[in-house]
2 protein chains.
Amino acid sequence: MKRSDRLVAMTHYVLDRPRELVSLPFLSEKYEAAKSSISEDLGILNKMFQKEGIGYLESVSGAAGGVKYIPAFSKEYSHQFVNQLCERLEDPARLLPGGYLFMSDILGEPGTVRNIGRLFASVFSDKEIDAVMTVATKGIPLAYAVAAYLNVPVVIVRRDPKVTEGSTVSINYVSGSTKKIQTMVLTKRSLAEGSKVCIIDDFMKAGGTINGMKNLLTEFNAEVAGIGVLAEAEDEEEDRVVDDYVSLVQIISVDDRDTKIEVHEGNLLSRIE
Amino acid sequence: MKRSDRLVAMTHYVLDRPRELVSLPFLSEKYEAAKSSISEDLGILNKMFQKEGIGYLESVSGAAGGVKYIPAFSKEYSHQFVNQLCERLEDPARLLPGGYLFMSDILGEPGTVRNIGRLFASVFSDKEIDAVMTVATKGIPLAYAVAAYLNVPVVIVRRDPKVTEGSTVSINYVSGSTKKIQTMVLTKRSLAEGSKVCIIDDFMKAGGTINGMKNLLTEFNAEVAGIGVLAEAEDEEEDRVVDDYVSLVQIISVDDRDTKIEVHEGNLLSRIE
């Protein structure tokens, strides 16, 4: 195969398999080229991925060595994306009764959701992660986006058990903002014991829901490997029950009367080099 | 920029923007090359995308002309993927009390979900579609996967209204299998009047839920542009209330006593050329 043909095919192949080891002998056979030529190709891919700000290729040495594509957004692009998001969220038309913000349109855009996933995956790229966990409903697309770039499965916690899922483990937790006791349910066979889990959700106020997921994980002898939320909101009356988390944006204030919303960047940007 | 560098960058750029017009002048400026060179590059991309079975580039002529990447799985790959899925679903360990099948593990795999999305997008690639609609919870990842390849937003119908979403439109519908009256709710501002909508769900028996979504669409003066379900099941006691749909697999029989499951390919494969 010609180099130009190979570069196109290999770019797609590698991008489609983040964090997966793609071995040199395999590529050499698949694209009918000497290992030395494939090595040169991978050098071009690595250089261009970095230039385009979408990550890099990690080299794995040894006889069965090869590369892993590690998705990582560049600092520049991350800032640009988060700032755009803040601006969009500050649109007064988003104000709903009760001081809530309408965000379903943003969460409905596959491209935006994919970029959010790429950002979280960039931050968690050096962690060992076996699964991404979220609670139905709004966190689901974000969890899949993160999981796609980490190349691990998604586990969905529900607030109501479903008959079509088999036996479950359930816990009670106290919602941070309303102080109500609620239930969370996870199908037994959906998570292996001892898994390292990244928790993703769309919104965090006092952190009760995320704390509930953490408690659920201890029932599975599983570990929290990271916590990511799209938006965090200040809650003056509460002490936050979750502290080690990454947020994309911070909702500083929602003024119902003056229809003014203030949204700042979250702590995620400070973790991207 | 050198051709080899350009090919890597352009492959990523185009794959990231399915069905979006990428203009020749734009590419020429972005990658600092003459339009004639970019044209040749696009020819290589088109040839290799087809060879890899992931789609093709559609040419758009005129002064602001360029290309659109149309994701489309090759017939060969589609058959292979669907047959593997059937085999996995026939595993007796999936049997749950009541003759239900455990599928959450499969729906939790981002790679599998992405491929399912790519298959549906291939079938609907010649349709004009403005949005993908599904009902919470299990259809959500599938809907996002389809929407990503069609490059349109996702609209999520709920069974319970949420205060954080603003005003809603709700309808009642009769569940096909249980004959119970149920409610479906969609936030008013999540779908524009007159939209052409593709409905996606994980499972269809009599079709009551999908019929409910069709009724909801008429409330928005919106049109059904296509219906796709991952798995359809036979239901002898019912006449199906939905007829024009595409299914990936067909659950022929689930034998609780002999723990035997029979799953065949659905009608989707016959629509892929």
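A quick note: this is a predicted structure, and the numbers were derived from the prediction, not measured. Chain naming here is simple, since letters A, B, ... match the order of the sequence lines and numbering starts at 1 in each.
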Crowding at CD, A:Glu20 (>12 non-hydrogen neighbours, <6.0 Å): yes

Distance-minimising heavy-atom pair for A:Arg189 and B:Ala93: NH1-O, 2.8 Å

Options A:Ser190, A:Ala9, A:Ala136, ranked by heavy-atom pairs under 4.5 Å with chain B, top entry: A:Ala9

Over 12 foreign heavy atoms within 6.0 Å of CD, B:Glu29: no

Winner by heavy-atom pair count (cut-off under 4.5 Å) against chain A, out of B:Gly111, B:Gly99, B:Ala147, B:Pro141: B:Pro141

Euclidean distance, B:Ile156 CD1 relative to A:Ile140 CD1, rounded to 0.5 Å: 7.5 Å

CA sep, side-chain torsions, deciding dist, call: A:Arg158, B:Thr137, side chain to side chain contact (heavy atoms under 4.5 Å, CB included): CA-CA 9 Å; A:Arg158 304 180 63 108; B:Thr137 314; 3.6 Å; yes

Straight-line distance of B:Ser104 OG to A:Leu186 CG, nearest 0.5 Å: 9.5 Å

Heavy-atom contact with chain A under 4.5 Å, split by part of B:Val132: neither

Region of B:Asp105 that comes under 4.5 Å of a non-hydrogen atom in chain A: neither

Minimal non-hydrogen separation, B:Gly108 against A:Tyr144, with atom names: CA-OH, 3.5 Å

Under 4.5 Å from a heavy atom of chain A, the part of B:Thr187 involved: side chain

Gap between atom CD of B:Glu40 and atom OG of A:Ser4 - 0.5 Å precision: 10.0 Å

Steps toward side chain to side chain contact (heavy atoms under 4.5 Å, CB included) verdict (B:Phe49, A:Val8): CA-CA 8 Å; B:Phe49 286 1; A:Val8 173; 3.8 Å; yes

Separation between CE of B:Met10 and OG1 of A:Thr11, rounded to the nearest 0.5 Å: 11.5 Å

Chain A contact via B:Leu45 - side chain, backbone, both or neither, heavy atoms under 4.5 Å: both

Between A:Arg3, A:Arg6, A:Lys2, A:Lys138, the one whose heavy-atom pairs under 4.5 Å with chain B are most numerous: A:Lys138

Sidechain N-carboxylate O distance under 4.0 Å for A:Asp16, B:Arg114: yes

Part of B:Leu95 lying under 4.5 Å from any heavy atom of chain A: backbone

Per-residue contact mode, B:Leu101 against chain A (heavy atom under 4.5 angstrom): backbone

Shortest non-hydrogen separation from B:His12 to A:Arg118 and the atoms involved: NE2-NH1, 3.7 Å

Heavy-atom pairs under 4.5 Å with chain B, option from A:Leu107, A:Val113, A:Thr112, A:Val155 with the top count: A:Leu107

Chain A contact via B:Met1 - which portion, at a heavy-atom distance below 4.5 Å: side chain

Shortest non-hydrogen contact from A:Pro153 toward B:Pro110: CA-CD, 3.9 Å

CG-CD distance between B:Asp5 and A:Glu52, expressed to the nearest 0.5 angstrom: 10.0 Å

